[in-house]
Amino acid sequence: MAEPGGSRPVTVSDVQQLVRRKDEIEAQIKACYELLEGQKGVGMHEPLVDAEGFPRADIDLYQVRTARHNIICLQNDHKALMKQVEEALHKLHAREKEKHAKDEAEALAEAMSQNQSLPQAFAKVNAVTPGSPASVSGLQVDDEIVEFGSVNVNNFQNLQNIATVVQHSEGRPLSVTVIRGGRRVHVGLTPKRWAGKGLLG
């Protein structure tokens with residue numbers, strides 16, 4: 001399977017084609033051996049002459065010679081083909097490996113560029129009480145808060161800023177942006193009174 005100027009990469013179907021050809025050659029070799037068996041079990045090396053040195057009359061000499069010749073040629077073809085199969089498989093695996101490495105590099109590059117474009121967080125969620133407004137809104141532990149209503153990294157001084165926004169927004173939805181698992185996520189949060197402490201939980 002010559003690659004013209006290395007331009008066409010080996011495909012799985014190329015390998016399958018080589019394997020099919022290998023199977024055909026093996027079937028032909030088997031047929032030739034069966035033919036020899038049919039000629040009084042003459043194999044590849046039994047003499048074709050009798051004790052007096054005359055050609056054996058009990059076998060079809062022409063058929064035996066042809067079969068032997070074909071077996072030798074076919075075995076050489078088979079050997080060359082096996083080498084091709086091996087090379088094609090190597091190329092195929094090398095390409096898969098290369099493709100896998102390329103995919104990984106692309107994924108890494110994408111993650112890096114995403115990280116660069118992610119805004120800076122000013123706080124991290126360390127607990128969410130089940131059943132609380134924060135929990136109902138979908139806020140999760142380890143979410144990094146980027147925007148909480150009007151509070152962001154530029155005007156955030158301390159948690160009192162968030163408490164003030166929460167008190168002023170009771171019963172009204174607040175837009176909260178967090179970074180979760182390297183991605184920006186928007187959460188709609190409505191501070192309100194509930195069974196537990198505070199308006200968020």
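Heads up: numbering here begins at 1 and tracks the sequence. Not measured: the values here are computed from a predicted model.
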Mind running side chain to side chain contact (heavy atoms under 4.5 Å, CB included) on Val12 and Gln16 for me, showing each step along the way? CA-CA 6 Å; Val12 173; Gln16 287 170 338; 3.9 Å; yes
Give the C-alpha distance, both sets of side-chain angles, the deciding distance and a yes or no for side chain to side chain contact (heavy atoms under 4.5 Å, CB included) between Gln140 and Val128. CA-CA 7 Å; Gln140 294 178 9; Val128 177; 5.7 Å; no
Please walk me through it: do Gln120 and Glu144 pass side chain to side chain contact (heavy atoms under 4.5 Å, CB included)? CA-CA 9 Å; Gln120 206 181 336; Glu144 296 180 53; over 6 Å; no
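In terms of the side chain to side chain donor-acceptor pair (under 3.5 Å) criterion, Lys40 has no residue partners (sequence neighbours excluded).
A salt bridge does not link Glu98 to Lys102: none of the charged side-chain nitrogens sits closer than 4.0 Å to a carboxylate oxygen. In this structure, Glu34 pairs ionically with Lys30, as a charged nitrogen and a carboxylate oxygen lie closer than 4.0 Å. A salt bridge does not link Glu96 to Lys99: none of the charged side-chain nitrogens sits closer than 4.0 Å to a carboxylate oxygen. Ion pairing between Glu87 and Lys83 holds under the 4.0 Å rule for side-chain N and carboxylate O.
Residue Glu106 places its CD atom among more than 12 non-hydrogen atoms of other residues, nucleotides or ligands, all under 6.0 Å distant.
Distance CD/Glu24 to CD1/Ile29: 12.0 Å, rounded to 0.5 Å. To the nearest 0.5 angstrom, Lys192 atom NZ is 13.0 Å from Ser169 atom OG. Taking CG from Leu189 and CZ from Arg172, the interatomic distance works out to 13.0 Å, rounded to the nearest 0.5 Å. With rounding to the nearest 0.5 angstrom, the CZ atom of Arg20 is 12.0 Å from the CG atom of Leu81. The distance from the CG atom of Asp77 to the CG atom of Asn70 is 10.0 Å, given to the nearest 0.5 Å.
Between Asn126 and Val141, the shortest heavy-atom distance links the atoms O-CG1, 3.9 Å. Across all their heavy atoms, Leu61 and Pro55 have their closest contact at CD1-CB, 3.3 Å. Nearest heavy-atom pair, Thr190 versus Gly171, reported as atom, atom and distance to 0.1 Å: CG2-C, 3.5 Å. The shortest non-hydrogen separation linking Gly149 to Val165 is CA-CG1, 4.5 Å. The nearest pair of heavy atoms linking Leu35 to Ala67 is CD2-CB, 4.0 Å.
Side-chain contact between Ile72 and Met44 is present, with at least one heavy-atom pair separated by less than 4.5 Å. Leu18 is not listed as a side-chain neighbour of Lys22, based on a closest heavy-atom distance of 4.5 Å or more. By the 4.5 Å heavy-atom criterion applied to side chains, Val146 and Val178 are not counted as neighbours. Looking at Glu147 and Val176, their side chains never come closer than 4.5 Å, going by heavy atoms from C-beta outward.
The main-chain N or O of Cys73 is never found under 3.5 Å from a side-chain atom of Asn76 such that the two would form a donor-acceptor pair. Formation of a donor-acceptor pair under 3.5 Å by the Ser132 side chain with backbone atoms of Ser135 is found in this model. When atom types are taken as modelled, the side chain of Arg95 and the backbone of Pro9 share no donor-acceptor pair closer than 3.5 angstrom. In this structure a side-chain-to-backbone donor-acceptor pair under 3.5 Å is present from Ser137 to Ala134. Although no hydrogens or angles enter the test, the distance criterion places a donor-acceptor pair under 3.5 Å between the side chain of Asn161 and the main chain of Gln157.
Note: the hydrophobic cluster containing Ile145 also contains Val187 (ILVMFWY, side chain heavy atoms under 4.5 Å, direct or indirect links). In this structure, Ile59 is a member of the same hydrophobic cluster as Ile71, with clusters built from ILVMFWY side-chain heavy atoms closer than 4.5 Å. By the rule that hydrophobic residues join a cluster once side-chain heavy atoms approach within less than 4.5 Å of another member, Met82 and Val15 end up as members of separate clusters. Ile25 and Val85 fall within the same hydrophobic cluster, where Ile, Leu, Val, Met, Phe, Trp and Tyr residues are linked whenever their side-chain heavy atoms come under 4.5 Å apart, directly or through other members. Connection of Val10 to Leu89 is established within a shared hydrophobic cluster, with ILVMFWY side chains joined at heavy-atom distances below 4.5 Å, either directly or through further cluster members.
Listed by first and then second residue, the ring pair (Phe, Tyr, Trp, His ring centres under 6.0 Å) pairs involving residues 123-174 are Phe122-Phe156 (not counting sequence neighbours). Annotation: salt bridge (charged side-chain N to carboxylate O under 4.0 Å, His left out) contacts involving residues 43-55, sequence neighbours excluded, are absent. Applying the ring pair (Phe, Tyr, Trp, His ring centres under 6.0 Å) test to every pair with at least one member in residues 77-106, sequence neighbours left out, gives no pairs at all. Annotation: salt bridge (charged side-chain N to carboxylate O under 4.0 Å, His left out) contacts involving residues 54-74, sequence neighbours excluded, comprise Arg56-Asp58. Legend: ring pair (Phe, Tyr, Trp, His ring centres under 6.0 Å) pairs involving residues 26-75, not counting sequence neighbours: none detected.
Paired with Asp143 under the rule salt bridge (Lys or Arg N to Asp or Glu O under 4.0 Å), one option of Arg180, Lys124, Arg184 passes, and it is Arg180.
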